[in-house]
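To start, the structure itself, in structure tokens.
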Amino acid sequence: MSTEIKVPVLPESVADATVAVWHKKPGDPIRRDENLVDLETDKVVLEVPSPVDGVLKKIVRDSGETVESGELLGLVDEGAVAAAAAPEEPAEEPSEKPQAAEETPAPVTDTHKLSPAARRVAEEEKADVSQVTGTGRGGRITKGDVIKHVSGAAPEGLRPEERVKMTRLRSRVAERMKEAQNTAAILTSFNEVDLKAVMDLRKKFQDEFTQKHGVKLGLMSFFVKAVCEALRKHPVVNASMEGDEIVYHGYQDIGIAVSTDRGLMVPVLRNAEHLSLAETESSIRAFAERARNGSITLEDLQGGTFTITNGGTFGSLLSTPLLNPPQSAILGMHTIKQRPCVVEGEIVARPMMYIALSYDHRIIDGKDAVLFLVAVKEALEDPVRLLLNL
């Protein structure tokens with residue numbers, strides 16, 4: 001009996017999906033709830049599990065094809081697992097043709113870890129992929145990995161190129177960034193923050209904090225708290241435009257930009273103003289792990305009233321972040337550098353960070369943007385203000 005494998009019902013905000021990769025090929029045995037195929041949407045990768053035990057009979061829509069909700073992806077022969085296994089027969093005498101092994105391609109092991117393009121190249125080049133290190137998500141071997149393994153060091157004068165189709169996520173990010181530039185009047189204001197007080201707090205309480213809460217006390221939780229306090233004082237920075245109306249949000253859902261192999265994702269901390277430092281750190285860590293291993297959900301990425309992005313983790317000294325529509329502002333964090341500062345008439349070295357606020361000048365005036373940055377600066381330079389709600 002054949003069971004149909006169909007595209008699950010896609011979320012309302014997702015029109016279609018792309019078949020990313022099949023983890024099984026026709027004839028392979030499969031177990032119920034085992035992941036058969038990955039579908040890539042504009043935001044996340046959806047896994048399609050098998051509803052029954054059996055054998056994959058047929059693949060209807062191959063990798064790279066665009067599909068919609070309810071479309072047929074493949075067929076599974078229910079209950080045919082035993083038929084897929086090799087029959088138990090007496091072992092045959094070994095053939096006296098050792099040279100035959102040289103006429104066949106090197107064995108391709110762990111084929112479920114090969115992308116279709118990588119498998120094709122491996123078969124054509126007779127490459128032993130057991131010697132290839134995968135650089136794709138979850139250790140998956142890509143076409144580029146196989147080509148690099150086969151070619152080895154490039155001969156002198158050779159200038160190799162590879163043309164790769166943009167992923168759905170990368171394409172969507174590009175579309176939204178261009179939309180932000182085309183529709184919003186984006187300006188950026190800058191300030192710098194002395195992080196000595198925050199660094200001292202982390203150093204003093206790090207061990208105790210980690211022991212009690214099971215997560216390290218990082219910088220991002222302080223920035224989230226400071227941003228929430230600044231948004232409370234300057235609510236227009238937390239607002240958004242809908243047509244000719246300004247929507248003032250009475251809550252603070254803070255998006256935290258996360259870099260992954262597939263591209264940029266922005267999971268959202270709901271009601272961040274009510275979270276403790278430990279809850280904030282735990283949530284950010286969980287989001288980052290799910291974003292990078294592909295298990296993050298659409299619900300994790302939707303909404304958000306304000307975004308924080310940290311280019312400092314990659315060494316960025318200064319940048320002008322782009323808005324995340326329909327939000328009206330985004331805060332950019334940067335790398336921390338020891339710089340000379342005048343403190344009470346003396347020149348001392350301090351851990352300084354430049355911060356940048358890009359904002360939509362259609363609804364946020366320059367005064368509000370500057371005062372917002374000052375509020376963030378004051379909260380971070382004197383963290384006690386956050387505890388006293390000053």
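- When hydrophobic residues (I, L, V, M, F, W, Y) are linked wherever their side-chain heavy atoms come within less than 4.5 Å, the members clustered with Val370 are Val374.
- Residues meeting the salt bridge (Lys or Arg N to Asp or Glu O under 4.0 Å) test with Asp33, sequence neighbours left out: none.
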For this session: Given salt bridge (charged side-chain N to carboxylate O under 4.0 Å, His left out), test Glu192 with Arg339 step by step and report yes or no.
Result: CA-CA 11 Å; Glu192 61 179 352; Arg339 291 200 292 272; 3.1 Å; yes
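- In this structure, Leu75 and Glu4 have side chains that are in contact, with non-hydrogen atoms separated by less than 4.5 Å.
- If you check the side chains of Glu34 and Ser50, you find no donor sitting under 3.5 Å from an acceptor.
- Residue pairs meeting the ring-ring contact (aromatic ring centres under 6.0 Å, His included) criterion with at least one member in residues 215-249, sequence neighbours excluded, are His249-Tyr251.
- Heavy-atom contacts from other residues, nucleotides or ligands closer than 6.0 Å to CG of Asp207 number 12 or fewer.
- When each of Lys6, Arg61, Glu65 is tested with Glu71 by the rule side-chain contact (heavy atoms from CB on, under 4.5 Å), just one qualifies, namely Arg61.
- Between Arg285 and Glu289 there is a salt bridge, with a side-chain nitrogen of the basic residue lying less than 4.0 Å from a carboxylate oxygen of the acidic one.
- In the hydrophobic clustering, where aliphatic and aromatic side chains (Ile, Leu, Val, Met, Phe, Trp, Tyr) are joined below 4.5 Å either directly or transitively, Leu264 stands alone.
- The environment of CZ in Arg32 is sparse: at most 12 heavy-atom neighbours from other residues, nucleotides or ligands sit within 6.0 Å.
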Please tabulate, one pair per line, all N/O donor-acceptor pairs under 3.5 Å involving side-chain atoms of residues 310-323, not counting sequence neighbours.
from   : atom 1 : to     : atom 2 : distance (Å)
Asn310 : OD1    : Gly312 : N      : 3.0
Thr313 : OG1    : Asn310 : O      : 3.1
Ser319 : OG     : His334 : NE2    : 2.7

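- Note: Lys57 NZ to Ile5 CD1 = 12.5 Å, rounded to the nearest 0.5 Å.
- Sorted by first and then second residue, the ring-ring contact (aromatic ring centres under 6.0 Å, His included) pairs with a member in residues 342-370 read Tyr359-His361; sequence neighbours excluded.
- Side chains of Asp253 and Thr305: no donor on one and acceptor on the other come within 3.5 Å.
- Between Lys203 and Asp200, none of the side-chain N atoms (NZ, or NE/NH1/NH2) sits under 4.0 Å from a carboxylate O, so this pair counts as no salt bridge.
- The distance from atom CZ of Arg31 to atom CG of Leu36, rounded to the nearest 0.5 Å, is 11.0 Å.
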